[in-house]
Amino acid sequence: RPIYVIVYSGRLRSVSTNTFKSAPQVAEVAFLLLLHVLLFAWMGFILFRDSKEGEVYMSSFGQSMLNLWILLTTANYPDVMMPAYTDSRVACIFFIAFLVLGLFFLANLMLAVIYNAYREQLRTDILKQMSARHRSLCKAFDI
C-alpha cells in the first residue's frame, strides 16, 4: 500500500527519489558508524572478558555489538555501564569515549551528510524544473 501512495503522489515520489539518490553519500558515514561500533565492541569484549560486565552485557562479540549499538541510542545507557563501573571507576572512560565519539560526533556527522545530500538533490531538481519551465515559456512565446 505505501508503494501505491508513492506512485500516485507526485511530491512524495519526488521526495522518495531524492532520498534514494542521496543514499551513496549517506552510506559512507554509515560505514564509519558501523566501524565505530565494531571497534568498540571488540575492545569491550577484550577489556571486560573476566568481569561482571563481560558476563552480563559482553559475553560474546555479537552480544557486545548489540549492546553498544543500543547504547549508541542511549536506551540502555546507565544499565550497560554499571557492572563495569562498580568493579572499576576507570571503566567509565570506555563508555564515555564511545558515547562522545558516536553520539556527539558521528551521529551529528550522519545528520549533516543526510541534510546536505538531500538539499543538493532538491536543488538539482529545482534547477531542472526551472530550466524546463524557461524552455517551455520560450517555445510558447516564440513568434
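Side-chain contacts under 4.5 Å among hydrophobic residues (ILVMFWY), followed directly or transitively, place Leu127 with no other residue at all. When hydrophobic side chains of Ile, Leu, Val, Met, Phe, Trp and Tyr are connected at separations under 4.5 Å, Leu66 ends up clustered with Ile70. Alongside Tyr115, the hydrophobic cluster contains no other residue (criterion: ILVMFWY side chains under 4.5 Å).
Side-chain contact between Leu109 and Phe104 is absent, with no heavy atoms from C-beta onward closer than 4.5 Å. Side-chain contact between Leu33 and Met110 is present, with heavy atoms from C-beta onward closer than 4.5 Å. Using a 4.5 Å heavy-atom threshold, the side chains of Phe94 and Phe48 count as touching. Contact annotation: the side chain of Tyr57 never approaches that of Leu68 to less than 4.5 Å [non-hydrogen atoms, C-beta and beyond]. Residues Leu137 and Phe141 form a side-chain contact, since some pair of their non-hydrogen atoms from C-beta on lies under 4.5 Å apart.
To the nearest 0.5 Å, atom CE of residue Met58 and atom CE of residue Met43 are 10.0 Å apart. In this structure, the separation between CE on Met82 and SG on Cys92 is 10.0 Å, given to the nearest 0.5 Å. Lys52 NZ to Thr86 OG1: the interatomic distance, rounded to the nearest 0.5 Å, is 6.0 Å. For the atom pair CD (Glu55) and CG (Asp50), the distance works out to 9.0 Å, reported to the nearest 0.5 Å. Residue Trp42 holds its CH2 atom at 6.0 Å from CD1 of Ile46, rounded to the nearest 0.5 Å. Between the CD1 atom in Ile93 and the CG atom in Leu47 there is a gap of 11.0 Å [rounded to 0.5 Å].
Heavy atoms of other residues, nucleotides or ligands lying less than 6.0 angstrom from CG of Asn108 number more than 12.
Residue pairs meeting the side-chain hydrogen bond (donor to acceptor under 3.5 Å, both in side chains) criterion with at least one partner in residues 121-134, sequence neighbours excluded, are Asn18-Asp125, Glu120-Arg123, Ser131-Arg135.
Here the shortest heavy-atom pairing between Glu53 and Ala84 reads OE1-N, 3.2 Å. Among all heavy-atom pairs drawn from Val80 and Leu71, the shortest one is CG1-CD1, 3.6 Å. Here the shortest heavy-atom pairing between Leu106 and Leu32 reads CD1-O, 4.1 Å. Taking every heavy atom of both residues into account, Tyr118 and Ser22 meet most closely at N-CB, 4.1 Å. Taking each heavy atom of Ala41 and Met65 in turn, the nearest pair found is CB-CG, 3.5 Å. When every heavy atom of Phe45 is checked against every heavy atom of Ser64, the shortest pair comes out as CB-OG, 4.1 Å.
Looking at residues two or more places apart in sequence or on another chain, you find no side chain to side chain donor-acceptor pair (under 3.5 Å) involving Ser136. For Phe98, the ring-ring contact (aromatic ring centres under 6.0 Å, His included) partners two or more places apart in sequence, or in a different chain, are His36, Phe40.
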